[in-house]
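Basis for what follows: all heavy atoms, side chains included, without hydrogens, waters or symmetry-related copies. Numbered from 1 within each chain, the chains take letters A, B, ... in sequence-line order.
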Protein chains: 2
Amino acid sequence: MMQLTHAEENYLKAIYQLSEAGKKGVSTNDISAEMKTKPASVSDMLRKLGEKEVIEYRKYYGVHITEEGKKFALRTIRKQRLWEVFLVEKLRFAWDEVAEVADELEHVQSTILIQRLDEYLGFPKFDPHGDPIPDEYGDVRSRPRLPINEIDINGTGQIVAVKDSSAAFLRYLDKVGAYIGARIKVLEKVEFDGSIEILVDNKKTIFMSKDVAANILVMV
Amino acid sequence: MMQLTHAEENYLKAIYQLSEAGKKGVSTNDISAEMKTKPASVSDMLRKLGEKEVIEYRKYYGVHITEEGKKFALRTIRKQRLWEVFLVEKLRFAWDEVAEVADELEHVQSTILIQRLDEYLGFPKFDPHGDPIPDEYGDVRSRPRLPINEIDINGTGQIVAVKDSSAAFLRYLDKVGAYIGARIKVLEKVEFDGSIEILVDNKKTIFMSKDVAANILVMV
DNA sequence: ATAGACTTTTAGCCGACACTAAAAAATAAT
DNA sequence: ATTATTTTTTAGTGTCGGCTAAAAGTCTAT
Ligand SMILES: [Mn+2]
Ligand SMILES: [Mn+2]
Ligand SMILES: [Mn+2]
Ligand SMILES: [Mn+2]
């Protein structure tokens, strides 16, 4: 079984996630932005990933991830999310503090380590941001979910995930009192700017911009 | 604060441990053997570590670690040993299975991670091999200890550590029933070859070669 | 259809960390 | 005190993963 370097794992994970979001081919510039490296560096990496057949690479036309590539990406994502659960559940990290550390931990090579960690954590199905944790075969049991701004007025649901996991956004959610698991009801949608008022746990109302609403995912 | 790469951390840890064992200057060949790299690679690394002032390097005359270097080495060792405790205590790894994984985990950069891990493990003072875990200031509370072959006949003590942490040696100890914490009594020392018979926990006798005995450390 | 703008790739460079082969220094043996 | 042996360093190479500058390809607007 061919091996990927840390850098290759990071790129492949980014490519997988970008292609999940956008569906079609992922551009060099997109990857460059996501990875905070220069487009020239991305081109070079794409060549290498292409040679390893984890992506299909047509010069100038973006990339598609292969089935083999998906397996690798999902393995890394599984590791990342299990470590995130560990950091939050066991080491009392806040959900906005886990990204950097998990991004390192995900590269530790040991099948048994991950199996044991999974078991130790009680086989969690979702990470602290509500993202599904692939099983060891790469199967992802994803929940149907909608951004709040697509919920009808008076519609209800439960917050199950966030689309943006940046520390800034997560801390904002903490501040206003939105969290994974919260039951919400859409009270009002302002036509003018798309901003939204929701009721949280039948107790507290929160006003949020359309931008914020679009990054909170709800299961109806 | 200057930063060390993974490779530099590994070399520095090896240099620290070799100099603790042997007391005087550490040779290029020693490091090469320990790190399983070629002497030429070691020379190059020594030059770099010398520039970073974590070692004192006189060409052709081996190296000495500096105070600054000790701090770095002890920090890495602390991380390694805390992770070893985690793997054994929480993830049910055997004591001969932790080396490789801990050798990767020790490089994860996060002060808070290590503090929290330490706390989560209950501030352990020793790792699964009986080696002391430096505190966050680099202080090591080491126990006075002797290899079994230096104990007088009829002398008693408690196994507190092993000098050799190779999987082969540790599995051998498992097989014969020697373990950290066991109470022992030296029953016989064969003059001819230095082999030794000990009584473990007032129950079981074990014969061992001098070589084995020299790698089991006892607190009297 | 062509010019201009934007995107992407190529070419060349650099630092980190391995290696081999050869030179140089230190140490051991005669 | 030479010579031989061993240890260590230097010189040169290669891979990995980043960079900048320049070239080349694609897309857009007139
Ligand atoms: Mn990563
Ligand atoms: Mn997450
Ligand atoms: Mn290591
Ligand atoms: Mn240990």
> Between atom CG in N29(A) and atom P in dT7(C), what is the gap in whole Å?
Replying inline: 5 Å
> Reading DNA chain D 5' to 3', which nucleotide is the first, and which the last, to come under 4.0 Å of any heavy atom in chain A?
Replying inline: dC16(D) to dT26(D)
> Of all the nucleotides listed (dT27(C), dA21(C), dT8(C)), which has the minimum atom distance to the side chain of A40(B)?
Replying inline: dA21(C)
> Using a distance-only test with no angle check, is there a side-chain donor-acceptor pair under 3.5 angstrom linking T37(B) and Y11(B)?
Replying inline: yes
> What is the ring orientation for H6(B) with H107(B), classed by angle as parallel under 30°, tilted 30 to 60°, or perpendicular over 60°?
Replying inline: parallel
> Taking the side chain of K38(B) as its heavy atoms from C-beta onward, which of dC17(C), dT8(C), dC19(C) lies nearest to it?
Replying inline: dC19(C)
>> By the 4.0 Å heavy-atom rule, please label T28(B) as base, sugar-phosphate, or nothing.
In response: sugar-phosphate
> Is the NZ or CZ atom of R116(B) positioned over Y120(B)'s six-membered ring, under 6.0 angstrom from the centre and within 45° of the axis?
Replying inline: no
>> Quick check against the 3.5 Å criterion: does K189(B) have a side-chain atom that pairs as donor or acceptor with the backbone of I151(B)?
In response: yes
> Of all heavy-atom pairs between V98(A) and A94(A), which one has the smallest distance, and what is that distance?
Replying inline: CG1-O, 3.6 Å
>> Quick check on DNA chain D: between M45(A) and S27(B), whose nearest nucleotide comes earlier from the 5' end?
In response: S27(B)
>> Just the rounded figure in Å: distance from P of dG15(C) to CG of D44(B).
In response: 13 Å
> Has Y60(A) got a side-chain N or O lying under 4.0 Å from the OP1 or OP2 atom of dT10(C)?
Replying inline: no
>> Between C1' on dT8(C) and CG on D30(A), what's the gap in Å once rounded to a whole number?
In response: 12 Å
> Tell me: CD of E8(B) to P of dA18(C), nearest whole Å?
Replying inline: 10 Å
>> Does dC17(C) have OP1 or OP2 under 4.0 Å away from a side-chain N or O of T5(B)?
In response: yes
> Under 4.0 Å between a Lys/Arg side-chain N and an Asp/Glu carboxylate O for E84(A) and R81(A)?
Replying inline: no
>> Expressed as a whole number of angstroms, how long is the span from E51(B):CD to dC17(C):C1'?
In response: 15 Å
>> Does either side chain, that of D44(A) or that of S41(A), offer a donor lying less than 3.5 Å from an acceptor on the other one?
In response: no
> OP1 or OP2 of dC17(C) less than 4.0 angstrom from a side-chain nitrogen or oxygen of K48(B), does that happen here?
Replying inline: yes
> Can you tell me if the side-chain N/O atoms of S41(B) get under 4.0 Å from OP1 or OP2 in dC19(C)?
Replying inline: yes
>> From CG of L46(A) over to P of dT7(C), roughly how many Å is that when rounded to an integer?
In response: 16 Å
>> Both V26(B) and K59(A) contact DNA chain D. Taking the nearest nucleotide for each, which residue is further toward the 5' end?
In response: V26(B)
> To the nearest Å, how far apart are M35(B) CE and dC17(C) P?
Replying inline: 10 Å
> Can you check the Y11(B) OH to dC17(C) C1' distance for me, whole Å?
Replying inline: 8 Å
